[in-house]
Q: 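First, the structure itself, so that you have it in front of you.
Proteins come first, then strands; the chains are lettered A, B, ... in the order of their sequence lines, and each starts at number 1. These figures come from a predicted structure and were not determined experimentally.
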Amino acid sequence: MEFAFTQEQEMIRETAAAFLAEVSDSAAVRRAMATERGYEPALWDRVCGEMYWQAIHVPEEYGGMGLGYVELVATMEQMGRFLLCSPFFATVCLAGNALRVAGSKEQQSRWLGQLCEGKLTATLAFNSGSSDWGADAITATWRREGDAYVLNGCYRYVIDGHTADLLVIAAREEDSKGEAGIGLFLLPAATAGVECRWLPTMDQARKQAAVRITEVSVGTEAVMGELGQSWEALARVIDIATIALAAEQVGGCQQLLDMTVAYTSERVQFNRTIASYQAVKHKAADMMLRTEVARSAIYYAACIAQEALEGTALSGELSEAASVAKSYCSDAYFAVAGDALQLFGGVGFTWEYDVHLYLKRAKSSEHLLGNGTYHRERLACSLLD
Amino acid sequence: MEFAFTQEQEMIRETAAAFLAEVSDSAAVRRAMATERGYEPALWDRVCGEMYWQAIHVPEEYGGMGLGYVELVATMEQMGRFLLCSPFFATVCLAGNALRVAGSKEQQSRWLGQLCEGKLTATLAFNSGSSDWGADAITATWRREGDAYVLNGCYRYVIDGHTADLLVIAAREEDSKGEAGIGLFLLPAATAGVECRWLPTMDQARKQAAVRITEVSVGTEAVMGELGQSWEALARVIDIATIALAAEQVGGCQQLLDMTVAYTSERVQFNRTIASYQAVKHKAADMMLRTEVARSAIYYAACIAQEALEGTALSGELSEAASVAKSYCSDAYFAVAGDALQLFGGVGFTWEYDVHLYLKRAKSSEHLLGNGTYHRERLACSLLD
Amino acid sequence: MKLSFSPEDELFRDQVATWLRDNLAGEFEKLKYRGGPGDEHMFPAERQVWEQKLAEGGWTCVGWPREYGGRGCSIEQQVIFFEEYARAGAPGRVGHIGEGLAGPTIIAFGTEEQKRKYLPGIVAGTQLWCQGYSEPSAGSDLANVKTRARLDEARGKWLLNGQKVWTSLAHEADFCFVLARTDPDSVAHKGLGFFLVAMDQPGIEVRPIEQITGTSEFNEVFFDDAECRADDIVGEPGDGWKVAMGLLGFERGVSTLGQQMQFQNELDEVVRFAKGNGAANDPVIRQRIARAHAELKIMRYNSLRMLSGQSASDGALQKEALIYKLFWATWHRTLGELAMDVLGPECDILEGAPYALSRLQSMYLFVRSDTIYGGTNQIQRNIIAERGLGMPREPKGTAR
Amino acid sequence: MKLSFSPEDELFRDQVATWLRDNLAGEFEKLKYRGGPGDEHMFPAERQVWEQKLAEGGWTCVGWPREYGGRGCSIEQQVIFFEEYARAGAPGRVGHIGEGLAGPTIIAFGTEEQKRKYLPGIVAGTQLWCQGYSEPSAGSDLANVKTRARLDEARGKWLLNGQKVWTSLAHEADFCFVLARTDPDSVAHKGLGFFLVAMDQPGIEVRPIEQITGTSEFNEVFFDDAECRADDIVGEPGDGWKVAMGLLGFERGVSTLGQQMQFQNELDEVVRFAKGNGAANDPVIRQRIARAHAELKIMRYNSLRMLSGQSASDGALQKEALIYKLFWATWHRTLGELAMDVLGPECDILEGAPYALSRLQSMYLFVRSDTIYGGTNQIQRNIIAERGLGMPREPKGTAR
């Protein structure tokens, strides 16, 4: 039993922090978020070429670094801290994990290979517009026509869906309900009948898209896993991605805390730095508590995600670990962001200061992949029903 | 439009405060609460003989003072402030209001008359043990046998039920459901087949009882209102009583706030009174906010209760006013009590200091007649469904 | 205590409602529900026309004494006016700083000449005002004024130098009232003056502040030898703090009920969305909506207490007034969060690029300022504890 | 990072669980789940017999070095021991103050003679300890010690005078460690001594404090020329604060995981009641139970971080340890409220007269002390802000 970063993991975290502090400062974030694409290709090239993060937890056989989910989570935490604008989450945590969990050897070696080379961005689409992120969120359909499958439907909240090269999409057999009938498909975005449209968002530092699929016909090579039986795999993918998202939230908490301590230590009111007021100190203490507790949640969840990817002893805890982490981290992030804005006072209300970027990320990431209420109800079901 | 106490109302409040400060100090409360009866008859005699509170809002034709519910609420607030141990709430707010709302002229003149003379204590029993205080809480039954009605059932949380002379009980027609079939009956506690048993409570300053009724046969003179159609009347009684209970909660808040300000202004830590620490001041400010907001809620609700008793223009707001007041005041009282205990620190944790008496009252009164969640869901039903 | 209004007052209510229904139409239709907090930058010109329309009907400055052009309404009637105004969805008043702040200050502390000079334009809706209090280094420490006023006796002018911030409507306003230091050696609340300054002059520059909404409702105002006449000071040099504090007192008044009516409009919209997207079936959302509803109800009762207490002459501390700002600001901020959570993941989706916020999104972001301006929640708690509960004052620092 | 224990440690876990199953039976059966916080006054004599039973099995002081009679367990094994101990429902340890506080202090700061004299009785479970820190005027201001120690050189004795408070198990304890002022002119944390004092002497009087539960677990202890030998001081006169602070460090350790197992037992009981009375169908209660569950899970992960960090030698500030007290105390208090709200109106009904609380009622009331003792939530936030975030220290008052 050892629940601390190894030296190597520490190094990965430190390297990520140093790199991002340089390339993802406030000006860089603001440049990227003002574009429709939402990230600067040159920076993404550096991420892929220098840091090799896109390959971080991909097995070496597919050209990846073969590290674990703990390393991914440690990196994701830093991305959240610096609000890195990049297709990392969509490509690696959503689509990449879908390939890891549900892809065949062939699919993995074809697509993960390209992904590791940094040639490809990808994403996952499954929710048609629900705040319930379970199987009922899937309303797109598939039907068999001879050897082919015909897909139809709409998706919302598709992260980087308007720029991704490859889509992993979930659809259900026509007339199926609940967890039955779910299939997962690999679909190049350029396929005819696939329409991806940018949805401008309040949190400009992460882009979302709506995807509409109209009578798209695919062959069996596009099918991931056992058609109609894919909910269990998809649920695992979502849980694993959720843990990465929670890590991003922890990074945001940390940055807000650091910014707030720095600002309140400079700002003078009534001839005292406002950091010397107990009301300010105690709010900061609560921010730190939430941040550290959230961090404990994600490190544990990262270990569980790793086990789930490997199918080892504790895989069965995945759903719980994801819900524990996401419910706590979502609420923590929003509370910390709100407190930060309050302690910055008037300037925190300006576009010029960065607090609002985090406030907006806190709210958007709270609802993405299920908010606290949703995840607590998931926990309640297994505890009480 | 005038939303302040009249001079006469001010005087009633001041008189109540002065009387209770004298007769219901900590020692008196502790003496009374240690008994099974729960109040000192001599003090109740003084309340009835000198203050005439038992008759406060009873119409003069029945021997009452003919004042309004605002005066009752102002008095009840002071009783809550000083934790007066007495059968007032059960007798006046529960049974008395039931007689006012549902009793026939004959029933009112017989029983309200005795009540105003201070000869009689009474209570209301309807809940068989549910945390839902609506019609479903009633499981006791009545059935017709010739000219008589036969009653059976159990009740819990019957305030002062083991000492009351007279019970107003609710029962439903056998096999009826929901709001249908409800009847209200007047039942002297001494009736054969009526068994009232003290239920010792954590909040010792208000006594509760369990009542069991076994094959009790009553005549038509015992029936209040239209048999089987009494839910609407009972609901009104409960709402009106709920407003009085909320007023009691406000009185408790005020006393806790006063005690806390006094204590923290004396207690020295690190060579400063702890009242000089912002953490303490801000908690006290929040306590005051809750107290004043709660007070605004009950004064308005008191006006509405008065309209409901008179059947005037705003009667239709009764249910909403009761739920608004009870949900806010319940949560406020418990929060204020918790904060008070925290600010008292170690001594607040002792039996010797009075804080725990209020903490216990806060929790017991929170759940009595429906907690915040229950009342908010009532509001939600009318807003959202 | 009585809750009902007199028959005369109910008649007055009909009169207000009818006038608004008849006049808030045609060219003014598009102003409905616009120009409120978070939206003050919208339609300033059209709203000034509307202000003049109101003036024609005798609906500006309804609470002012008749001798100064007001309608001389009772408190009850003012309550009714502001309620009906908000209920009708009538637009945010571009004249509210003149009517609610500058005017009452001039009435209370000004000279006869100042009254003659400034009040009619406010009543007529032809002259707009903005407020020059906050400064970058001030914030919660309102008295930390660095803007200076120097009397050029030769020219009979005050010359102002410095910077104000968080000034709404500065672009549209004709005048600004400015708190500035007349005694350069003074500190804190001593040695200040309260000036009435015309905005249209070379010594004044207005720069918009971009807010978290992406819009600019507030401004920075720079004074570089900005001028006003020697007699455009309210009270004596050195009285500025007293005058300013008197003014802050006017902020807490009958308009709170109109504000609540706006809150009600917002809450109604939240309820509408909740019913539309199924959030109304979520028990946790139901609790939160019910809580918002209950507290808004109580907010109204609390205001009624405040207003009834004002007519009492015993001068007792009005506790319900002391807690009011903290209560409504926190409520409003919570409503913003609730609105987003009712929308669920849809809360992040804009109406359009580059940054077109929906009304609820704009509200959500804008209400973050409510717990900051006009005394942060933290300052409010200090005030409540110190004035309301007699607890010790916060020590001021010496160096830093 | 790895979550699993080694095969050897799992074997150790079996060993502990087996021993407890075999021995926590018969006469000890009734001690199950008893004697924890809020229940420490129950079965003291029987629990001392149990303590000696543990000692026979080698299960006292498992983390102490072998040279002092401990079992020399690794941190992992200590974690396992405390977890299994709590999982088995084994009773609150009457020896915990000796094992967890007095003993480690003597090991760290004591003389060889003190070690020989005091440690064996702790290991054997034959000598119980209590703690003499808090005083009525101290509270959060721990250093405000008024109890005095005067060396009577002629008799070779220290004479102690003063009063301690919140001393649990004072009636049962054989010894008390007492912080007392050796220099009568000193203030705050200077001039203190740390004394080892036998309880069975005429100079000591113990008076129980009745708590809000109606029971008395804590006591006041009065010292009236209470004696100890000249060499029953740990460290030098004046070193008392340093020794005491070292001791507080020991409180935060591997036992947190055992404490969490008790929390889990309590939460399990809440869940049981919720399922029994239908509260488990109330969506708001569901949210609260799920939150309690999630946070208790994270509490465990946080402790694992704390413990893993201890073996790191870089001396870095352990932030997760700094926030731990505030986190668990607040969690536990919230659990108490949840328990009552699950019970609904039934929460007020006692098991019997005059004041027989159910286990959950007792828990609910007792947990109110968690956010007060050992540093209130307010003090914890000061510490976190000052030590964890480097924010300015609270000014101390001068007069009052």
Q: Could you walk me through whether C:Glu320 and B:Val293 pass the side chain to side chain contact (heavy atoms under 4.5 Å, CB included) test, one step at a time?
A: CA-CA 7 Å; C:Glu320 71 279 8; B:Val293 173; over 6 Å; no

Q: Who among C:Arg300, C:Arg288, C:Glu76, C:Arg291 has the most heavy-atom pairs with chain B under 4.5 Å?
A: C:Arg291

Q: Between B:Arg295 and chain C, with a heavy-atom cut-off of 4.5 Å, which part of the residue counts as in contact: side chain, backbone, both or neither?
A: both

Q: Tell me whether C:Gln287 contacts the main-chain N or O of B:Thr373 through its side chain, where contact means a donor paired with an acceptor under 3.5 Å.
A: yes

Q: Below 4.5 Å, heavy-atom pairs only: which of C:Ile289, C:Ile298, C:Ile285, C:Ile384 has the largest tally toward chain B?
A: C:Ile298

Q: Count the heavy-atom pairs under 4.5 Å between each of C:Asn302, C:Leu326, C:Val79 and chain B, then report the option with the highest count.
A: C:Asn302

Q: My understanding is that only residues two or more places apart in sequence, or in another chain, count here; which of them pass salt bridge (charged side-chain N to carboxylate O under 4.0 Å, His left out) with C:Lys297?
A: B:Glu320

Q: Applying side chain to side chain contact (heavy atoms under 4.5 Å, CB included), run through B:Glu292 and C:Leu322 and close with a yes or a no.
A: CA-CA 9 Å; B:Glu292 290 305 322; C:Leu322 204 56; over 6 Å; no

Q: Hey, which of B:Gln278, B:Gln9, B:Arg378 has the most heavy atom pairs under 4.5 Å with chain C?
A: B:Gln278

Q: By a 4.5 Å heavy-atom criterion (distance strictly below it), what part of B:Thr291 contacts chain C: side chain, backbone, both, or neither?
A: neither

Q: What residue in B:His282, B:Glu377, B:Met287 has the most heavy-atom pairs under 4.5 Å with chain C?
A: B:His282

Q: With rounding to the nearest 0.5 Å, note down the distance linking OH in B:Tyr299 to CG in C:Leu304.
A: 14.5 Å

Q: Checking B:Tyr328 against chain C: side chain, backbone, both or neither under 4.5 Å from a heavy atom?
A: side chain

Q: Work out which heavy atom in B:Val324 is nearest to a heavy atom in C:Ala294; give both atom names and the distance.
A: CG1-O, 3.7 Å

Q: Given heavy-atom pairs under 4.5 angstrom as the criterion, report whether the side chain, backbone, both or neither of C:Gln378 touches chain B.
A: both

Q: For side chain to side chain contact (heavy atoms under 4.5 Å, CB included), just list the numbers for B:Thr264 and C:Met391, CA-CA rounded to whole Å, side-chain angles, deciding distance to a tenth of an Å, and then say yes or no.
A: CA-CA 9 Å; B:Thr264 58; C:Met391 297 171 89; 3.8 Å; yes

Q: For B:Ala285 and C:Leu389, work out which heavy atoms get closest and say how close.
A: N-CD1, 4.2 Å

Q: Where along residues 261-281 of chain C does a heavy atom come under 4.5 Å of chain B, listed by residue number?
A: C:Val271, C:Lys275, C:Ala280

Q: Given heavy-atom pairs under 4.5 angstrom as the criterion, report whether the side chain, backbone, both or neither of B:Asp331 touches chain C.
A: side chain

Q: Quick check on C:Asn377 against chain B: is it the side chain, the backbone, both or neither that has a heavy atom closer than 4.5 Å?
A: neither

Q: Given a strict heavy-atom distance threshold of 4.5 Å, which part of B:Gln306 is in contact with chain C: side chain, backbone, both, or neither?
A: neither

Q: Would you check, one step at a time, whether the test side chain to side chain contact (heavy atoms under 4.5 Å, CB included) holds for C:Arg286 with B:Cys381?
A: CA-CA 9 Å; C:Arg286 292 172 72 83; B:Cys381 286; 3.7 Å; yes

Q: Going from NE2 on C:His293 to CG on B:Leu384, what distance comes out if it is rounded to the nearest 0.5 angstrom?
A: 9.5 Å

Q: Rounded to the nearest 0.5 Å, how far does NZ of C:Lys319 lie from OG of B:Ser296?
A: 12.5 Å

Q: Any idea which heavy atoms bring C:Arg393 and B:Lys281 closest together, and the distance?
A: C-NZ, 3.8 Å

Q: So which heavy atom on C:Tyr301 is nearest to which on B:Ala297, and how close?
A: CD1-CA, 4.1 Å

Q: Testing the basics here: between C:Pro392 and B:Ala275, what is the closest heavy-atom pair and its distance to 0.1 Å?
A: CD-O, 3.4 Å

